[in-house]
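Letters A, B, ... mirror the listed sequences (proteins, then strands); counts begin at 1.
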Amino acid sequence: MNAIAEPPVLAAPDDGIKPGEVLLEVNNVSLSFGGVKAVTNISFDVRKGEIRAIIGPNGAGKTSMLNVINGFYHPQEGEIVFRGEKRRRMQPYEAAASGIARTFQNVALFKGMSTLDNIMSGRTLKMKRGFLWQLLHYGPARDEEIANRRKVEEIIDFLEIEAIRKTPVGKLPYGLQKRVELGRALAMEPDLLLLDEPMAGMNLEEKEDMSRFILDVNRQMRTTIALIEHDMGVVMDLSDRVVVLDYGKKIADGTPDVVKNNQDVIDAYLGVAH
Amino acid sequence: MLYREVGQFKTSYAADQQVFPIRQDRIGVVLILLVALVVVPWAGNDFFLSAVAIPFLVLALATIGLNVLTGYAGQLSLGTGGFMGVGAYACYKLVTTFPDAPIIVHVLLSGFAAAALGIVFGLPSLRIKGLYLAVTTLAAQFFFEWCFIRVPWLYNYNASGAIEVPGRQMFGVTLTGPSASSTARYYAVLFVVIVLTFLVKNLIRGRIGRQWMMIRDMDIAAELMGVRPLHAKLSAFAVSSYLCGVSGAMFVFFYLGAAEPSAFSVTLSFQVLFMAILGGLGSLVGSFFGAAFIWILPILLRWGMPLVGMPLPSETVTQLTSMIVGALIIVFLILEPHGLARLWQIGKEKLRVWPFPYA
């Protein structure tokens with residue numbers, strides 16, 4: 001084996017946005033369900049190439065925010081600008097096509113399929129051959145299948161899950177399921193990767209592994225990452241910038257050091273004497 | 001001992017992705033094809049071919065059709081019988097309108113009528129799931145049955161209200177009608193079933209089949225990977241209805257010879273559903289197992305019981321089969337929800353590591 005990591009074949013697509021420039025902009029977004037305000041007037045941005053953390057106590061609206069970004073929810077007010085394009089109502093599959101991938105807080109793998117098929121499913125949008133070629137599974141359709149398999153095998157190598165390639169994911173332990181889910185999102189070669197509590201329910205060792213993968217994805221594949229996480233140690237170590245939500249409102253935004261010493265954040269997490 | 005994959009290394013992804021990666025499986029498939037192509041027509045008498053082999057193959061195809069929809073795409077359907085009827089009536093119209101075209105072409109074309117209607121009746125699946133969807137497909141079933149009775153154009157204004165299969169030839173061989181030999185009809189059915197099974201397998205192992213399974217397992221995540229629910233669900237309905245339609249056309253043209261609307265009642269829908277469940281949802285080989293089990297069990301009872309000295313009157317056999325099949329369905333749902341196909345798979349796993357309990 002080569003000691004030096006080879007340049008990755010999988011990489012975030014080159015979209016003309018340079019590292020450090022704004023990739024995603026959330027402008028004054030408000031979302032409510034009936035009378036319940038999930039998110040109120042929130043603005044923040046995600047810059048190309050960074051790891052952006054979204055934190056806050058339970059019910060702060062973090063997951064709602066992710067759901068708005070990838071099109072599950074449509075905000076009543078405000079707008080999302082992705083790669084400089086303003087969008088209003090977008091379906092999840094359109095968000096996927098525009099280069100946003102995501103993992104879920106509760107693992108949302110395809111239980112009846114193997115690890116390999118689950119990660120292959122991330123390549124859906126990369127496969128173009130139509131119905132008739134698929135029927136024959138010959139020529140271009142077969143070449144396409146094999147070319148995508150090769151990409152998937154790179155991800156399997158990267159995440160060190162070679163041994164469970166053919167195992168149905170329902171049989172895997174929780175930590176590995178989380179890893180397969182990350183692999184499935186990576187297979188989309190996304191521009192922006194949204195991770196909803198990637199370390200929830202993991203032990204220390206698994207958390208360290210996952211942190212390593214997240215950093216490697218960010219550095220080697222140059223994928224921009226926005227993640228929600230409750231483990232403050234992980235958040236402060238991994239992220240370049242942190243946005244803090246509480247009761248659907250933004251209370252702080254900045255580098256981990258700034259956020260850590262912000263009085264509002266401390267109050268939100270520890271409570272205030274009245 | 002014989003069933004080992006030791007030493008069979010895969011050096012390319014193409015080799016790893018083939019349908020039967022284990023050499024013994026490939027030999028087994030060739031043997032089964034040989035039996036189906038040579039031994040069965042050679043050794044089987046007229047009764048075996050007409051009453052066992054042909055309906056078994058036809059119903060296996062219908063089960064594959066239902067399996068595409070329910071087993072792979074996760075959309076429950078009770079309209080199988082209706083879609084089979086659509087195929088049969090479409091084929092009847094085609095055959096009587098264009099008497100000179102080859103019958104196999106008509107059979108294959110008639111599936112498209114079923115596919116088109118399948119798409120229409122699949123539209124509710126975009127909004128509703130599970131049992132509620134089953135009810136809408138049941139509505140399709142009753143609507144089709146109503147059409148078969150009330151729209152005389154479908155049966156060419158026959159006084160009897162039934163469709164009679166006319167004698168048709170292909171390459172000089174009579175394939176349909178009263179004068180067609182059972183061997184010729186068997187080969188026609190076998191050809192269609194083998195070709196369609198092969199094509200369906202290709203769909204399932206590629207992008208489209210994966211999209212169906214994604215929708216089945218976790219529709220929210222599927223959308224997020226770029227699957228459009230509209231395309232995935234309706235393509236499953238179309239392919240499933242196509243297979244059911246072709247199967248229905250063959251059911252009348254190569255097996256029954258004539259059909260009344262009651263041939264495509266909800267009973268047939270349930271029969272095919274039981275075949276799919278007992279055989280194993282989400283498995284092609286299971287479709288054949290299920291069809292064989294439910295079709296051949298009554299025949300075995302009818303012919304086998306007298307041989308062991310227990311002659312049974314035919315109505316007892318009918319009731320006995322209903323009871324046995326009913327009980328087995330309950331047993332399977334509880335003990336092995338994945339059906340005979342899973343038992344087959346477990347058996348193969350055990351054989352691979354024998355004499356050790358696990359690898």
Margin query: Heavy-atom pairs under 4.5 Å with chain B - which of A:Ile100, A:Leu135, A:Leu125 has more of them than the others?
Written below: A:Leu135
Note to self: So which residue, B:Arg207, B:Glu223, B:Met213, ends up with the most heavy-atom pairs under 4.5 Å with chain A?
What the structure shows: B:Arg207
Notebook entry, point to check: Of all heavy-atom pairs between A:Ala96 and B:Gly226, which one has the smallest distance, and what is that distance?
Noted result: CB-N, 3.6 Å
Note to self: If you count every heavy atom of other residues, nucleotides or ligands that lies below 6.0 Å from B:Lys350 atom NZ, does the total exceed 12?
What the structure shows: no
Check: How long is the span from the CG atom in B:Leu199 to the CD atom in A:Gln134, to the nearest 0.5 Å?
Finding: 12.5 Å
Next item on the list: Against chain B, label A:Leu116 side chain, backbone, both or neither, depending on which of its atoms sit under 4.5 Å from a heavy atom there.
Entry: neither
Notebook entry, point to check: Would you call A:Asp117 and B:Arg205 a salt bridge, using N to O less than 4.0 angstrom?
Noted result: no
Next item on the list: Answer yes or no: are there more than 12 heavy-atom neighbours, outside B:Leu131 itself, under 6.0 Å from its atom CG?
Entry: no
Note to self: Is there a side chain to side chain contact (heavy atoms under 4.5 Å, CB included) between B:Arg228 and A:Gln91? Walk through the geometry before answering.
What the structure shows: CA-CA 9 Å; B:Arg228 306 186 67 159; A:Gln91 295 302 316; over 6 Å; no
Next item on the list: Please say whether more than 12 non-hydrogen atoms of neighbouring residues, nucleotides or ligands are located less than 6.0 Å from OH in A:Tyr174.
Entry: yes
Notebook entry, point to check: Are more than 12 heavy atoms from other residues, nucleotides or ligands located less than 6.0 Å from atom CZ of B:Arg26?
Noted result: yes
Check: Counting distance only, does the side-chain N/O of B:Asp217 pair as donor-acceptor with the main-chain N or O of A:Gly112 below 3.5 Å?
Finding: yes
Notebook entry, point to check: Using non-hydrogen atoms only, which part of A:Ala108 is less than 4.5 Å away from chain B: side chain, backbone, both, or neither?
Noted result: both
Checklist line | Spatial distance of atom CD (A:Glu153) from atom OH (B:Tyr13) [nearest 0.5 Å] | finding: 4.0 Å
Next item on the list: Quick one: closest heavy-atom pair of A:Phe110 and B:Met218, and the distance?
Entry: CE2-O, 3.5 Å
Next item on the list: Please determine, among A:Glu181, A:Met120, A:Lys111, the option with the most heavy-atom pairs under 4.5 Å with chain B.
Entry: A:Met120
Note to self: For a 4.5 angstrom cut-off between non-hydrogen side-chain atoms, does B:Ile220 reach A:Phe104?
What the structure shows: yes
Notebook entry, point to check: At a heavy-atom separation under 4.5 Å, does A:Arg150 approach chain B through its side chain, its backbone, both, or neither?
Noted result: both
Checklist line | Heavy-atom proximity to chain B below 4.5 Å, by part of A:Met113 | finding: both
Check: Measuring from A:His137:NE2 to B:Phe198:CZ, what's the distance to the nearest 0.5 Å?
Finding: 9.5 Å
Next item on the list: Keeping the roles fixed (side chain from B:Gln211, backbone from A:Thr124), state whether a donor-acceptor pair exists under 3.5 Å.
Entry: no
Notebook entry, point to check: Would you say B:Met225 and A:Tyr93 make side-chain contact, with heavy atoms under 4.5 Å?
Noted result: no
Note to self: What I'd like to find out is whether the side chain of B:Val239 reaches to under 4.5 Å of the side chain of A:Phe131, using heavy atoms alone.
What the structure shows: yes
Notebook entry, point to check: Can A:Lys166 and B:Asp16 be said to form a salt bridge (Lys or Arg N to Asp or Glu O under 4.0 Å), step by step?
Noted result: CA-CA 11 Å; A:Lys166 301 253 167 110; B:Asp16 191 48; 3.0 Å; yes
Next item on the list: Calculate, to the nearest 0.5 Å, the distance between atoms CZ and CG belonging to A:Arg184 and B:Leu224 respectively.
Entry: 8.0 Å
